[in-house]
Each structure stands twice: as C-alpha cells, then as structure tokens.
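Quick notes on the structure that follows.
Residue numbering restarts at 1 for every chain, and letters A, B, ... go by the order of the sequence lines.
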Amino acid sequence: MTGIRFFNTLTRNKEDFVPQSPGRVGMYTCGPTVYEYASIGNMRAYVFADILRRTLEYNGLEVNMVMNITDVGHLVSDADEGEDKMMISARRERKTPWEIARHYTEVFLDDTKRLNIRPVTVLCYATQHIPEMIAMVQELADRGYAYETSDGVYFDISKFPEYGCLSRINLSEQKAGARVEVNPEKRNPADFALWKKAPAEHIMQWESPWGMGYPGWHIECSAMGRQYLGDQFDIHTGGIDHIPVHHENEIAQTAACTGQPAARFWMHVEFLLVDGGKMSKSLGNVYTVSDLEARGIEPLAFRYLCLGAHYRAKLNFTWEAVAGAQKGLFALRRAVQKDSKEDRLRDVQGRALSHNALRFREDFLQAVNDDLNTPQALAVLWEATRSGLGSELLELARDCDRVLALDLAKGRLGPDVDIAAGDLPDYVRALLEERHQARLARNWKRADAIRDELAGLGYGVKDTPGGYQVTRIVTPDSH
RNA sequence: GGCGACAUAGCCAAGCGGUAAGGCAGGGGUCUGCAAAACCCUCAUCCCCGGUUCGAUUCCGGGUGUCGCCUCCA
C-alpha cells in the first residue's frame, strides 16, 4: 500500500502518517462560529477537512471526525477584547443568541451538504459542553497555569515555556499592545481568557466557581477535543489564520493538563483570495454558496475549483475561474458517463478493475496520499478519460469519487437542464413541432429562425440522430 | 514598524535539480445542413540580476512585485 504523507505544521515537514491506533484515526476540525453566513472562504476549509477524511477512509482507515460549533464565547478580538460575536448578531437581528446560533448552524450544515461534505462523526456544540470546559479551566487553575482577574480567568503564558511552538513566534519580538490596549490586569500581553465573567446583559451565561460567565473560545476546542478524542489524537485541522493564536492557545491548554500538544499532526488550509486579495465586507466580495448558485454555479463546481489547487496554496477565486471550473466539471462528468448506458453499466458494476484501470487507480492513490495532491489526482482522472478504458472508466471514476465527491457518475452534464416534454407550454411544443417539420423539409432558414426564437424564450434545442432534445437554458450570470 | 508566504501561458493551477501535469478560454481540423456534443492537433522555457552545479523553474544571495499575519476572519 502506498504510504500516506502529510505536511505537519508542528514540524514544518512532510511526514509519514501512521495512526496511533492501527486502522483508526481521530481528527478534530475547528468548526464555524455561527453568527453569520459562512463564506466560500470558510467552506474551502471544510472541503479540505472532508477531502482529508475521505482520503484516510479511501486508505481503509476508520475515521472518528469531531467538529465543533462555536455558539458562544468567540469574541470580536482574539485578544479577549470586545463583545461576543453571538451577542452582536443577536442585537443586530433582534433575536436571542440561541435563535441566531440555530439559524446559522442550519444554513451552514445545508451548505456543507450541497458541497458533498460528509456529516462528521461527532458534531459538538460549545453550549452543550460547559461543564467539561469549566472542569478543564479548574484543572489549569489547580496546576497553577491560570489566574483570576476582575473580568475573568486567564492562562498564564509565562508558565508554559513552549508557547509559540506551532507558529514559531517569538513573543518578545511581538509588539503586543502596539495597536490595541492591553488589559492591565493581564500578567503577560499574550495571556488569554479561559473564562469570562459575564456582564448582566450577556444572555448566555453559566454558573462557575468564578461566578456567572461563559467560556473562552480556545478552551472550547481543547475541552471538546479531549472529551471525544482523548489527550492525544492524530490530526487537528483548521485555517492557516488559526496557527498564531487559537491553535497555539489550544496546545498550551491541553499540554498544560496532559503534557501533550493535543494532536500529533496539525494541518492548515491556506486562504481563499477573491480577485487576488482578501475577501472583505467592505469590498462586498464575501460570497456564500448561495451566491454562487444565484449565478448559476453549482456548489460542486466550487468544490472542483478547490480540488484544482493544493490546500496549502492560496487559491484565487474569480468568477472567470469558477465558470471555468463549472465547465470543466461538466466535461469530466460527460466523459465519465459517456458509456454508461444502463445495460453496459450492469455489466461492469462490481467487477474487478482491469490491469489498465488499476494503474490509474494506483496513480490516483499516490497523488492524494502525497499530502493531498488533488490537482495531480484530477489530472490522473482526466488522463484516464482518454485512455480507452471504455465503460470501465465509470467504475474507476466512481472509485475516485469516494475521495473527490464530485457526483461524477450522476451529476449534471451541462448548463442546460433537460425538461420532460409534458412540462412544456403548448406554444413551445408547437414551435418545436414546426421546427421539426421544417427540418424534415430541409427548410434550414425557417428551422434556425425558430431555434433563435426558442432561445429567446429560454429554451435550447439540440438535434441528435434520434430527434431533438429540449433543455431549459440556465446559463451562469456572465457577471 | 515587526514577522511570514508567494511570484509558472489570457484565467484557475501542478511540478520543485535533468530541458514545463491538468482544466477553462483561444487557434486549426474531423463529424453534423448549421449549431451543440464528441474526437484529433495546437498553444509557456517558469518576475529580474548574480552565484552553486555537468545541468536550475526547482538550491543560495540580492532586487522588484503581490498577498497575508501582528487587529476580526477558515
């Protein structure tokens, strides 16, 4: 079997990946803070985590994948300043934080579904694990890593000399407080909140040894990761922006309790850029999966776009690029399904792949196992489409799709959607019939005129040896 | 100001010591009344300048440029 190699942020090296328990992998993915709609930038991170999970499973490993939903405690600033994001959205939308969380969680899960991201094994909500978090904060306090201030309980970074091991940051070189005023009660500028004492207006608050309050964002992940995966698990994933603060803090918290940095492998996805720069609200380019659909781009075309770039490289999102991805995906499916007539299909299904197809499968496996080189994996599949595999190509594609999840065997084949004849308005049917007669009479002029007319009405006609085919034209917005 | 990443054809991008994967777009062709689809062919010497090497897009140094983090964010 081809060995799996992953880039580990902790060591900055590609390393052989071997699960600590044979055959089983425990992984934790930092989930969304459900205070607004997730952008396609967020979704890239979850597509990545999904590809990682699927690749492990493709290798025959059983994956226990845990993801959190942060529905409390994520403040506006990671420096523990500002308000809880949930509270701000609640005020803005005149709803309770609970309603906010429920709504955005639902939309998020729906988006992941449309992107063919498999449901995780354990989806855990921060608000449902408060006791575990309190226990961990208490443990840190008992071990001398935490101290109480007037507004909360903080982690004392000076007690954890390894702090910075992930981001390789030298705290003494950082200009903490250069831009934001540091809480004067903090012993060290980079100390972070484990527990925040809640002001009366904060709706989400719980009883604790330090009074009413709510957990810090970082302790949420540490506590839940530990609860579901143990003191030391295999992989922890997240966005590259989490390296310096969130994951550094997670490592500090867990290691202070267990002596181990939570996960053996830390894997991080790069950012998705939009038009060469960061997406931002002020530029109005924070797109969601729904925005893509509104422009006629199917969610899976975005997934295809993500797969076309390596996860550790920045990916530049442009409308031209997704449109290209959409066309490429259609073409790939067409190539795969070309020979998938039902009878032939039944013929090949379940049969072992031929020597030729197995070679492609091996190349594909090698690509994804090499630190998830999905661009290379896609190239292998494209190569296979024109290598004369015949109907067996479909079986190969099905197999690859266990990782890619692009609906290769059943997805849409083009921008136009076929319509059943019965759904056509009478006048359209009349035009079609007239055109058909015109063609039989070799009256090309009249036939083409009708085709144009139908196009104006939103219907496409294609002539095939077996007759004509009608489609509803849903061309993507050309922007 | 401090730290870091990246720079490959019109676009999205692999490769990272032995003379550049793949997709989209473009050009040419086969087929079809035309169109669509399909198929075939075609389309780059890798930001600049030095250095190391038999040999560099791939390593080192210096430029230039872009992006990011330090402040919210996957």
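- Separating the C1' atom of B:U32 from that of B:A37 is a span of 10 Å, rounded to the nearest Å.
- For A:Leu315 and B:G23, the CG to C1' distance is 13 Å, given to the nearest whole Å.
- Neither OP1 nor OP2 of B:A35 sits under 4.0 Å from any side-chain N or O of A:Lys462.
- Remark: the A:Asn68 side chain and the A:Thr70 side chain contain an N/O donor-acceptor pair separated by less than 3.5 Å.
- Under the Watson-Crick and G-U wobble criteria, each requiring two contacts below 3.5 Å, nucleotide B:A56 is left unpaired.
- With rounding to whole Å, A:Ile243 atom CD1 is found 18 Å from B:U71 atom C1'.
- Between the OH atom of A:Tyr311 and the P atom of B:C6 there is a distance of 14 Å, given to the nearest Å.
- In this pair, A:His236 and A:Trp266 present their aromatic rings parallel. The plane angle is below 30°, not in the 30 to 60° band.
- With a cut-off of 3.5 Å on both pairing distances, B:A37 has no Watson-Crick or G-U wobble partner at all.
- Considering only the side chain of A:His310, B:A14 comes nearest among B:A74, B:A14, B:C34.
- Once the 5.5 Å centre distance and the 30° plane angle are applied, the aromatic ring of A:Trp444 is found stacked with the base of B:G33.
- As the counterpart of B:A44, no nucleotide is assigned, since no Watson-Crick or G-U wobble pattern has both distances under 3.5 Å.
- Rounding to whole angstrom units, CZ of residue A:Phe330 and P of B:C12 are separated by 21 Å.
- Across the P atoms, B:C59 and B:G17 are found 8 Å apart, a figure rounded to whole Å.
- Annotation: B:G23 and B:U30 have their P atoms spaced 23 Å apart (nearest Å).
- Regarding A:Gln376, its CD atom lies at a distance of 13 Å from the C1' atom of B:G23, rounded to whole Å.
- Nucleotides B:G1 and B:G62, compared at atom C1', are 23 Å apart to the nearest Å.
- Between B:C41 and B:A35, the distance separating the two C1' atoms is 22 Å to the nearest Å.
- With a cut-off of 3.5 Å on both Watson-Crick or G-U wobble distances, the partner of B:C69 is given as B:G2.
- Every pair passing salt bridge (Lys or Arg N to Asp or Glu O under 4.0 Å) that includes a residue from residues 313-331 of chain A is listed here, sequence neighbours excluded: A:Glu270-A:Lys314.
- Here the two rings, on A:His129 and A:Tyr228, have centers that are under 6.0 Å apart.
- Residues passing the side chain to side chain donor-acceptor pair (under 3.5 Å) test with A:Asp16 are A:Arg5, sequence neighbours excluded.
- You'll find that the side chain of A:Arg451 is closest to B:A35, out of B:C69, B:A74, B:A35.
- Side chain to side chain, A:Tyr163 and A:Asn249 meet the donor-acceptor criterion of an N or O pair below 3.5 Å.
- The side chain of A:Tyr304 lies closest to B:G23, out of B:G23, B:A14, B:G33.
- Minimum atom distance to the side chain of A:Ala309 is reached by B:A14, of the listed B:A74, B:A14, B:C24.
- Only the P atoms considered, B:G68 is 40 Å distant from B:U53, to the nearest whole Å.
- Protein atom CZ of A:Arg312 is 15 Å distant from nucleotide atom C1' of B:G4, rounded to whole Å.
- Note: CG (A:Asn373) to P (B:G23) measures 15 Å, nearest angstrom.
- Atom C1' of B:A44 sits at a distance of 36 Å from the matching atom of B:C34, rounded to the whole Å.
- For A:Asp448 and B:G33, a side-chain-to-base donor-acceptor distance below 3.5 Å is present, hydrogens and geometry of angles not being considered.
- A:Phe192 has its ring centre no less than 6.0 Å from the ring centre of A:Tyr154.
- Nucleotide B:A25 holds its P atom 13 Å from the CG atom of A:Leu329, rounded to whole Å.
- Proximity of A:Lys278 to the phosphate of B:C69: a side-chain N or O atom is located under 4.0 Å from OP1 or OP2.
- Using a 4.0 Å cut-off, some side-chain N or O of A:Arg334 falls inside it from OP1 or OP2 of B:A38.
- To the nearest whole angstrom, the two C1' atoms, one in B:C46 and one in B:U8, are 4 Å apart.
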